[in-house]
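None of the values given here were measured: they were computed from a predicted structure. Start at 1 with the first residue, then count along the sequence.
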Amino acid sequence: LQSHSACSLQSINQANKMALRNWVRETGIDLVQINGQRRYGGPPPGWVGSPPPAGSEVFIGKLPQEMYENTLIPLFQSVGKLYEFRLMMTFSGLNRGFAYAKYSNWQGAREAIATLNNLEVQEGYTIVVCKSLEKCELSVDGLPASVSQKYLEAVVLKATEGVLSITLHASPYQKKAKLAVLKYSSHRAAAMAKKTLTEGNVKLCGENMNVGWLKPELKEKLRLCKEKHGKHLGSPKQLLMSLKLCDVLDCLNTLCRQKCLGTPRFFTKCVQVKPGGWLQYWCQLVIPAWPFPFGGLLWVQEDAPNTGGREKAKSAVARLPSDVLLLSAGVEHGPGGEVVLFQLWFQFVGVYF
């Protein structure tokens with residue numbers, strides 16, 4: 001009976017996977033799978049401006065494991081405009097029974113909870129839809145007392161994305177050990193970092209290292225400790241980079257982390273090819289917490305076919321926000337900054353070697 005049931009489930013799952021592939025082909029929707037989760041959007045095509053405010057995301061639980069985005073995305077789009085949809089996946093290709101849907105505003109999230117919570121999506125499967133906590137902070141306990149801020153930054157920044165700050169504290173739970181608090185730009189970035197640090201091959205030189213969500217009681221304990229002793233081992237206000245900046249992309253990522261603007265996202269498309277290795281690219285760069293995108297058309301010249309024209313285009317467009325952020329001296333908004341961004345967007349047409 002168990003063998004027959006397993007075969008039946010496998011048959012259903014193969015049919016559902018085929019339906020998913022057909023749906024992706026027909027709609028042209030872009031699904032990206034990274035580190036155990038498959039994502040649509042974040043931002044979706046055509047999105048301009050900042051990400052949705054806090055409170056715009058819902059948690060979806062008790063999903064049938066053989067149900068995929070071709071069913072789920074249309075269902076959750078039926079109650080509001082989706083900004084992002086993330087389905088947690090197993091290595092075998094089944095979903096892990098839960099997902100997250102982020103809407104363009106909090107009204108969409110509220111409508112999803114009111115309409116879809118306790119909905120029977122399949123015989124015997126009633127899903128749970130509730131407000132996502134959108135936790136963005138991790139605690140890493142059990143680090144050796146000898147670990148330094150510089151070393152910790154180097155390891156965490158190499159292994160994870162979207163880091164806003166890293167702080168070191170004396171561990172309140174283990175003698176002669178340190179505890180780190182890692183703050184990320186979004187819940188998605190924090191969740192992916194948690195998975196990487198717990199399931200990956202990242203070494204933080206602590207045998208009894210414990211990675212988890214930062215609990216409110218621990219956060220309060222660290223706050224009281226800071227007040228009592230006047231300081232902690234690392235500054236949470238700004239991540240001071242000790243890593244060497246190799247190029248303009250590194251510089252941009254560093255500036256965005258320091259100013260808590262989120263992880264930059266590039267969109268590029270080759271629109272014209274000419275002899276001599278010349279390629280014309282349309283480029284757009286979106287920084288989540290910046291009010292406008294950067295971009296335009298530019299020509300790049302490849303040294304040989306398929307030798308990094310797209311990377312040259314990305315590096316060129318990355319210079320625009322890097323210059324603005326460096327000149328802004330920490331001022332993120334204001335008439336001067338807005339005028340500069342407006343002019344850059346419409347005047348950026350260049351040649352890059």
Verify side-chain contact (heavy atoms from CB on, under 4.5 Å) between L119 and T126, making sure each step is shown before the conclusion. CA-CA 5 Å; L119 177 71; T126 300; 6.0 Å; no

OG1 of T263 to OH of Y184, rounded to nearest 0.5 Å, is 10.5 Å

Nearest 0.5 Å, please: how far is NZ in K176 from OG in S171? 14.0 Å

Taking only Lys NZ, Arg NE, NH1 and NH2, and the carboxylate oxygens of Asp or Glu, determine whether K219 and E137 approach each other closer than 4.0 Å. yes

Interatomic distance, CG@L143 vs CG@N210, rounded to 0.5 Å, equals 10.5 Å

Intermediate values then yes/no, salt bridge (Lys or Arg N to Asp or Glu O under 4.0 Å), E220 and R223: CA-CA 5 Å; E220 178 64 13; R223 186 188 68 82; 2.6 Å; yes

Identify the two heavy atoms, one from N95 and one from P64, that lie closest to each other, and give their separation to 0.1 Å. ND2-O, 2.8 Å

Minimal non-hydrogen separation, A109 against G55, with atom names: CB-O, 3.6 Å

With a 3.5 Å distance limit and no angle check, can you tell me whether K178 reaches the backbone of A145 through a side-chain donor-acceptor pair? yes

Do the side chain of S78 and the main chain of L75 share a donor and acceptor less than 3.5 angstrom apart? yes

Hey, would you say the F59 and Y100 ring centroids sit under 6.0 Å apart? yes

Under 3.5 Å donor-acceptor, Y125 side chain and Q65 backbone: no

Derivation and outcome, side-chain contact (heavy atoms from CB on, under 4.5 Å), residues L179 and L218: CA-CA 11 Å; L179 179 145; L218 173 57; 4.0 Å; yes

Is any side-chain heavy atom of W23 closer than 4.5 Å to a side-chain heavy atom of P74? yes

Going from CG on D141 to OH on Y173, what distance comes out if it is rounded to the nearest 0.5 angstrom? 7.5 Å

Evaluate the side-chain proximity of L20 to L31: yes if any heavy-atom separation is below 4.5 Å, no if none is. yes

Same cluster or not: V211 versus W213, using hydrophobic residues (I, L, V, M, F, W, Y) connected whenever any side-chain heavy atoms lie under 4.5 Å apart? yes

Check whether any side-chain heavy atom of Y40 lies under 4.5 Å from a side-chain heavy atom of I29, and answer yes or no. yes

Test item: M89 and R96 side chains (from C-beta on) under 4.5 Å apart, heavy atoms: no

Should W47 and F85 be regarded as members of a common hydrophobic cluster, given that ILVMFWY residues are connected when their side-chain heavy atoms come within less than 4.5 Å of each other, either directly or indirectly? no

Before you tell me yes or no, could you show the steps for L152 and L168 under side-chain contact (heavy atoms from CB on, under 4.5 Å), namely the whole-Å CA-CA distance, both residues' side-chain angles and the distance that decides it to 0.1 Å? CA-CA 9 Å; L152 188 62; L168 268 176; 3.8 Å; yes

Between K102 and L82, is there a side-chain heavy-atom distance shorter than 4.5 Å? no

Same cluster or not: L87 versus V79, using hydrophobic residues (I, L, V, M, F, W, Y) connected whenever any side-chain heavy atoms lie under 4.5 Å apart? yes

For residues Y68 and R38, determine if any side-chain heavy atom of one lies less than 4.5 Å from a side-chain heavy atom of the other. yes

In Å, rounded to the nearest 0.5 Å, how long is the span from CG of L297 to CH2 of W282? 9.5 Å

Does atom CD of Q77 have more than 12 heavy-atom neighbours, drawn from other residues, nucleotides or ligands, at distances under 6.0 Å? yes

Compare every heavy atom of S104 with every heavy atom of P53, then report the nearest pair and how far apart it is. CD-O, 4.2 Å

Is L157 linked to L197 within one hydrophobic cluster, defined over Ile, Leu, Val, Met, Phe, Trp and Tyr using a side-chain heavy-atom separation of less than 4.5 Å? yes

Determine whether the side chains of T167 and H169 contain a donor N or O and an acceptor N or O closer than 3.5 Å. yes

For the residue pair V163 and V156, establish whether any side-chain heavy-atom pair is separated by less than 4.5 Å. yes

Which residue is it: R110, R86, K135? I am looking for the one with a salt bridge (Lys or Arg N to Asp or Glu O under 4.0 Å) to E57. R86

Measure the spacing between SG of C130 and CG of N118 and express it to the nearest 0.5 Å. 10.5 Å

Using modelled atom types and a 3.5 Å cut-off, is there a donor and acceptor pairing between side-chain atoms of Q149 and backbone atoms of I166? yes

When you group the ILVMFWY residues by side-chain heavy-atom contacts below 4.5 Å and let the links chain together, are M192 and V32 in the same group? yes

Backbone of E84 reached by a side-chain donor or acceptor of R188 within 3.5 Å: no

Between I60 and V128, is the side-chain contact (heavy atoms from CB on, under 4.5 Å) condition met? List the steps. CA-CA 6 Å; I60 308 155; V128 171; over 6 Å; no

Closest heavy-atom contact between Q272 and W299? CD-CH2, 3.7 Å

Indicate whether the side chain of N105 and that of S56 have a donor and an acceptor atom separated by less than 3.5 Å. no

Closest approach of A190 and L138, non-hydrogen atoms and distance? O-CD1, 3.7 Å

Atom NZ of K183: over 12 foreign heavy atoms under 6.0 Å: no

Shortest non-hydrogen contact from Y103 toward A112: OH-CB, 3.5 Å

Tell me, do M67 and V121 make a side-chain contact under 4.5 Å, heavy atoms counted? yes

